[in-house]
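To keep things clear, I will list the structure first and then write my remarks on it.
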Amino acid sequence: MSRVRIRRGAAAAVAAFALAALPTAAHAAAAPAAGVGTRHQQQQQSETIRQIVLQGAVNVRDLGGYRTWTGGQVRQGLVYRSDALSKLTDADVTTVSGLGLTKVIDFRIPMEVQYDGADRLPAGLSPTARPVSDLGLFGTLVAAIGSGDPVTQEQMLGGGRAEAYMRDIYRTFVTGPENRAQFAATLRELADGRQGPVLYHCTSGKDRTGWMSYVLLRALAVPEETAERDYLASNTFRAAYDARVRAGLKQSGRMQNPDLLIPLQEVRQDYLDSATAQVEADYGSFYGYLTQGLGLDLRTLAKLQDKLVR
């Protein structure tokens with residue numbers, strides 16, 4: 001990449017962060033004319049979340065297609081987000097093969113891989129283990145469900161405890177040094193022009209994967225509300241599957257009140273807000289989180305823009 005392109009990319013990155021960091025009211029105040037705002041709203045409404053339909057995974061998506069504040073568009077076919085790929089069918093593996101992936105990053109902890117199994121991937125492709133802490137959530141779930149005791153399950157997950165657990169997990173995405181290192185390594189690889197299409201995932205593809213996707217989209221100058229919409233879309237893609245899980249637990253007698261799991265199965269705005277509030281508290285701004293928290297320099301951020309935005 002030439003120095004001129006780097007300098008131009010760096011300038012675009014700085015402008016993008018300056019604009020994206022403005023409050024919503026400031027965006028409105030800065031709009032030169034009503035028609036510009038209307039066109040932006042129409043763009044957002046026309047953007048489609050691009051699901052990759054598989055039988056063994058329900059939350060697989062191409063992150064491309066979103067418009068940025070700088071007038072660009074995130075390129076399609078380069079970054080994919082997903083839930084676990086351990087239950088892919090043969091037909092699914094063929095579909096995934098067609099994506100041309102060169103790397104699959106697995107944010108699951110070893111206990112999750114042990115219980116759910118390793119990814120089923122096309123020949124020649126092996127997952128890169130990059131575990132991000134879930135603060136023991138998976139183990140807590142195994143213990144709660146395994147107890148088969150409604151009182152124990154209520155004590156562990158009821159009374160707002162599940163929701164509080166989720167908010168704590170999201171805060172550690174920001175505060176945990178090892179977690180930050182895993183997210184930063186992923187962003188650096190995505191910025192590498194020699195790296196082909198990448199897919200990253202966790203178990204449900206909604207929390208660790210959701211935060212990674214939110215951070216990436218914001219780093220690319222995708223509007224905050226659009227990045228939030230992508231994050232919240234996991235509820236749409238996972239709803240039917242998660243409902244079947246709850247029904248199966250009730251039918252098997254392992255949980256008398258499987259609705260205790262709903263706060264853990266869903267993504268919620270206040271979970272995401274817990275992470276973004278921690279970003280503000282620790283780093284002052286989203287840009288500060290990228291540069292200080294994740295240690296990304298301006299050159300890397302510019303390369304990320306240059307590679308993933310057209």
Side-chain angles (χ1 to χ4, degrees), residues 52 54 56-63 78-90 92-93 95-97 99-143 165-166 168-192 194-216 219 231 234 238 264-265 267 275 290 293-296 300 304 307-308:
I52 310 300
L54 302 175
V58 298
N59 199 12
V60 186
R61 302 182 239 159
D62 184 337
L63 269 186
L78 291 178
V79 183
Y80 298 88
R81 54 171 295 173
S82 176
D83 44 348
L85 304 177
S86 53
K87 296 178 175 60
L88 296 191
T89 65
D90 290 344
D92 290 340
V93 173
T95 299
V96 171
S97 179
L99 302 179
L101 299 175
T102 58
K103 174 162 283 196
V104 171
I105 298 168
D106 189 348
F107 292 139
R108 294 179 297 170
I109 63 171
M111 185 180 185
E112 292 172 281
V113 179
Q114 178 185 348
Y115 271 81
D116 293 337
D119 291 337
R120 287 200 68 204
L121 298 173
L125 194 59
S126 299
T128 297
R130 193 166 286 164
V132 173
S133 173
D134 69 346
L135 278 186
L137 175 61
F138 191 81
T140 297
L141 274 174
V142 169
Y165 208 146
M166 293 302 295
D168 285 344
I169 289 171
Y170 275 72
R171 291 186 189 102
T172 63
F173 292 162
V174 180
T175 61
E178 292 181 357
N179 291 342
R180 293 199 307 271
Q182 304 292 49
F183 293 132
T186 302
L187 288 170
R188 288 191 183 95
E189 287 180 347
L190 293 174
D192 187 345
R194 299 165 297 179
Q195 179 67 62
V198 173
L199 180 149
Y200 53 78
H201 75 85
C202 50
T203 291
S204 298
K206 65 183 185 70
D207 300 311
R208 290 160 289 188
T209 296
W211 177 247
M212 180 76 264
S213 301
Y214 177 83
V215 170
L216 173 60
Y231 165 79
S234 284
R238 294 203 57 84
L264 305 176
Q265 291 179 317
V267 289
L290 290 175
L294 300 185
L296 303 177
T300 300
L304 200 63
K307 178 183 174 184
L308 298 181

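All values below come from the heavy atoms of this structure, side chains included, with hydrogens, waters and symmetry mates left out.
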Student check: side-chain heavy atoms of [X] and [Y] closer than 4.5 Å:
| X | Y | answer |
| --- | --- | --- |
| Leu308 | Leu216 | yes |
| Val104 | Leu199 | yes |
| Val267 | Met166 | no |
| Cys202 | Asp207 | no |
| Leu190 | Leu78 | no |
| Pro197 | Leu99 | no |

Excluding sequence neighbours, so at least two apart, what forms side chain to side chain donor-acceptor pair (under 3.5 Å) with [X]?
| X | value |
| --- | --- |
| Arg108 | Asp106, Asp119 |
| Asp83 | Arg238 |
| Ser86 | none |
| Thr140 | Tyr165 |

Practice item. Say whether Ser204 and Gln265, considering side chains only, have a donor N or O and an acceptor N or O under 3.5 Å apart. Key: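 No donor-acceptor contact under 3.5 Å links the two side chains.
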Check your understanding: Can Thr95 and Asp92 be counted as having a side-chain donor-acceptor contact under 3.5 angstrom?
Key -> no
Point to revise | side chain to side chain contact (heavy atoms under 4.5 Å, CB included) assessment of Ile105 paired with Met212 | key: CA-CA 11 Å; Ile105 298 168; Met212 180 76 264; over 6 Å; no
Practice item. Would you please test Thr209 and Asn59 for side chain to side chain contact (heavy atoms under 4.5 Å, CB included) and show each step? Key: CA-CA 10 Å; Thr209 296; Asn59 199 12; over 6 Å; no
Exercise for review: Could you list the residues that satisfy ring pair (Phe, Tyr, Trp, His ring centres under 6.0 Å) with Tyr80, not counting sequence neighbours?
Suggested key: none
**Study point:** Check against side chain to side chain contact (heavy atoms under 4.5 Å, CB included), Leu85 and Val93
**Key:** CA-CA 9 Å; Leu85 304 177; Val93 173; over 6 Å; no
Specify the closest pair of heavy atoms between [X] and [Y], including all atoms of both residues, with the distance to one decimal.
| X | Y | answer |
| --- | --- | --- |
| Asp192 | Arg194 | OD1-N, 2.9 Å |
| Leu304 | Ala219 | CD2-CB, 4.0 Å |
| Ser234 | Arg61 | OG-NH2, 2.9 Å |

For [X], all residues meeting salt bridge (charged side-chain N to carboxylate O under 4.0 Å, His left out), sequence neighbours excluded:
| X | result |
| --- | --- |
| Asp116 | none |
| Glu112 | Arg208 |
| Arg188 | none |

Review point. Checking side chain to side chain contact (heavy atoms under 4.5 Å, CB included) for the pair Leu187/Thr300: CA distance, chi angles, key distance, verdict?
Key: CA-CA 9 Å; Leu187 288 170; Thr300 300; over 6 Å; no
**Study point:** Any pair counted as ring-ring contact (aromatic ring centres under 6.0 Å, His included), so long as it reaches residues 110-130, sequence neighbours left out
**Key:** Tyr115-Phe138
When rounded to the nearest 0.5 angstrom, what is the spacing between [atom1] in [X] and [atom2] in [Y]?
| X | Y | atom1 | atom2 | result |
| --- | --- | --- | --- | --- |
| Phe173 | Leu135 | CZ | CG | 8.5 Å |
| Ile52 | Arg81 | CD1 | CZ | 12.5 Å |
| Ser82 | Leu88 | OG | CG | 7.5 Å |
| Thr128 | Gln182 | OG1 | CD | 11.0 Å |

Review point. Which residues satisfy the side chain to side chain contact (heavy atoms under 4.5 Å, CB included) test with Gln114, sequence neighbours excluded?
Key: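 Result, side chain to side chain contact (heavy atoms under 4.5 Å, CB included) vs Gln114: none returned.
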Exercise for review: Output all residues satisfying side chain to side chain contact (heavy atoms under 4.5 Å, CB included) with Arg171, sequence neighbours left out; order by chain, then residue number.
Suggested key: Arg167, Asp168, Ser274, Gln278
Practice item. Not counting sequence neighbours, list each pair that qualifies as a salt bridge (charged side-chain N to carboxylate O under 4.0 Å, His left out) and has a residue in residues 127-139. Key: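 As it turns out, the salt bridge (charged side-chain N to carboxylate O under 4.0 Å, His left out) pairs with a partner in residues 127-139, which skip direct neighbours, are Arg130-Glu189.
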Review point. Do NZ/NE/NH1/NH2 and the carboxylate oxygens of Asp90 and Arg120 come within less than 4.0 Å?
Key: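 Salt bridge: yes.
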Check your understanding: So Tyr200 and Phe107, would you call those rings parallel, tilted or perpendicular, with 30° and 60° as cut-offs?
Key -> tilted
Check your understanding: Should the pair Trp211 and Tyr214 be assigned to parallel (<30°), tilted (30 to 60°) or perpendicular (>60°) ring geometry?
Key -> parallel
